[in-house]
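Here the structure is a predicted model, which means the values were calculated and not measured. Numbers here are sequence positions counted from 1.
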Amino acid sequence: MEIKARFDHFNINVSNLQRSIEFYDRALGLKEVGRKEAEDGSFSLVYLGDGQTGFRLELTWLRDHTQPYELGENESHLCVRVPGDYEAIRAYHKQMGCVCFENHEMGLYFISDPDDYWIEVLPLDRL
């Protein structure tokens with residue numbers, strides 16, 4: 001049997017849903033494309049999209065999880081590619097204060113979201 005899966009979404013848990021929605025909009029231009037909320041208010045799922053692909057980032061907020069998320073040594077990360085002037089975008093992210101790691105030799109950098117998840121930022125026109 002050959003299975004041909006396709007990517008749908010990636011989930012991260014967030015401590016402040018509105019703050020995270022605003023960060024992903026401001027830093028990467030991701031917009032809300034869907035939402036599901038528990039009737040009892042115990043959780044909210046917000047899906048963000050890039051308006052170009054079908055891939056979505058799912059932000060999960062859990063009412064009863066009040067402490068910061070412990071990310072441990074998990075080095076997994078999300079990666080996005082950005083069109084336009086890569087150095088100007090890097091400067092914008094530095095101005096936002098969200099650049100957390102730069103590797104000039106490899107020509108890439110990472111930003112961190114409000115819960116300290118890392119996002120690799122690459123130029124669209126370079127493979």
Side-chain angles (χ1 to χ4, degrees):
M1 172 180 17
E2 181 179 350
I3 298 174
K4 294 198 177 207
R6 67 174 199 168
F7 287 108
D8 184 78
H9 71 273
F10 182 76
N11 172 75
I12 59 173
N13 286 18
V14 299
S15 56
N16 182 313
L17 186 57
Q18 191 57 41
R19 180 180 67 180
S20 293
I21 291 169
E22 290 169 5
F23 171 83
Y24 281 98
D25 182 19
R26 182 172 174 219
L28 300 172
L30 302 181
K31 307 288 186 196
E32 184 174 333
V33 296
R35 180 182 290 248
K36 179 178 181 178
E37 297 186 356
E39 289 183 22
D40 65 359
S42 62
F43 71 86
S44 293
L45 307 176
V46 172
Y47 295 92
L48 304 179
D50 60 17
Q52 301 172 69
T53 69
F55 186 82
R56 297 169 299 159
L57 178 63
E58 177 186 330
L59 305 179
T60 298
W61 174 81
L62 303 171
R63 178 188 61 207
D64 296 333
H65 192 281
T66 57
Q67 68 275 21
Y69 285 97
E70 174 55 53
L71 303 182
E73 294 185 29
N74 182 0
E75 293 193 29
S76 63
H77 63 272
L78 185 65
C79 179
V80 298
R81 290 192 178 266
V82 293
D85 185 337
Y86 186 66
E87 292 308 317
I89 294 167
R90 181 195 312 248
Y92 174 73
H93 286 147
K94 283 185 175 184
Q95 180 184 11
M96 285 181 64
C98 61
V99 173
C100 59
F101 180 78
E102 296 180 84
N103 185 325
H104 294 284
E105 290 176 11
M106 293 182 70
L108 58 86
Y109 70 97
F110 287 79
I111 60 175
S112 61
D113 82 354
D115 289 287
D116 206 28
Y117 291 102
W118 283 27
I119 302 106
E120 183 177 1
V121 181
L122 297 172
L124 182 62
D125 59 358
R126 187 186 74 209
L127 296 176

For Glu32 and Leu48, run side chain to side chain contact (heavy atoms under 4.5 Å, CB included): C-alpha distance rounded to whole Å, both residues' side-chain angles, the deciding distance at 0.1 Å, then the answer.
-> CA-CA 4 Å; Glu32 184 174 333; Leu48 304 179; 4.2 Å; yes

In terms of side-chain geometry, is the basic nitrogen of Lys4 or Glu2 positioned less than 4.0 Å from the acidic oxygen of its partner?
-> yes

Salt bridge check: are Arg90 and Glu87 linked by an N-O gap of less than 4.0 Å?
-> yes

More than 12 heavy atoms from other groups under 6.0 Å of CD on Glu39 | no

Are the side chains of Leu124 and Val82 in touch, meaning some heavy atoms are under 4.5 Å apart?
-> no

Do you know which two heavy atoms are closest between [X] and [Y], and how far apart they sit?
X	Y	value
Tyr47	Arg35	CD1-N, 4.4 Å
Leu71	Asp115	CD1-O, 3.5 Å
Pro83	Ile89	O-CD1, 3.3 Å
Pro114	Phe23	CD-CG, 3.6 Å
Met106	Asn103	N-OD1, 2.9 Å

In this structure, which one of Phe10, Trp118, Tyr109, Phe110 forms a ring pair (Phe, Tyr, Trp, His ring centres under 6.0 Å) with His77?
-> Phe110

Please lay out, stage by stage, how Asn11 and Asn13 fare under the test side chain to side chain contact (heavy atoms under 4.5 Å, CB included).
-> CA-CA 7 Å; Asn11 172 75; Asn13 286 18; 3.2 Å; yes

If only atom types and distance count, is the side chain of [X] paired as donor or acceptor with the main-chain N or O of [Y] below 3.5 Å?
X	Y	value
His93	Gln95	no
Arg63	Asp40	yes
Arg126	Gly107	yes
Tyr86	Val121	yes

In Å, rounded to the nearest 0.5 Å, how long is the span from [atom1] of [X] to [atom2] of [Y]?
X	Y	atom1	atom2	value
Phe101	Leu108	CZ	CG	7.5 Å
Glu37	Trp61	CD	CH2	9.0 Å
Leu62	Ser15	CG	OG	11.0 Å

Is there a side chain to side chain contact (heavy atoms under 4.5 Å, CB included) between Ile12 and Leu59 once you walk through the steps?
-> CA-CA 5 Å; Ile12 59 173; Leu59 305 179; 3.7 Å; yes

Identify whether Val33 and Tyr24 are in the same connected component of the hydrophobic contact network (ILVMFWY, side-chain heavy atoms under 4.5 Å).
-> yes

In one Ile/Leu/Val/Met/Phe/Trp/Tyr side-chain cluster, 4.5 Å: Leu57, Tyr69 | yes

List the steps and the verdict of side chain to side chain contact (heavy atoms under 4.5 Å, CB included) for Val99 and Ile111.
-> CA-CA 4 Å; Val99 173; Ile111 60 175; 4.2 Å; yes

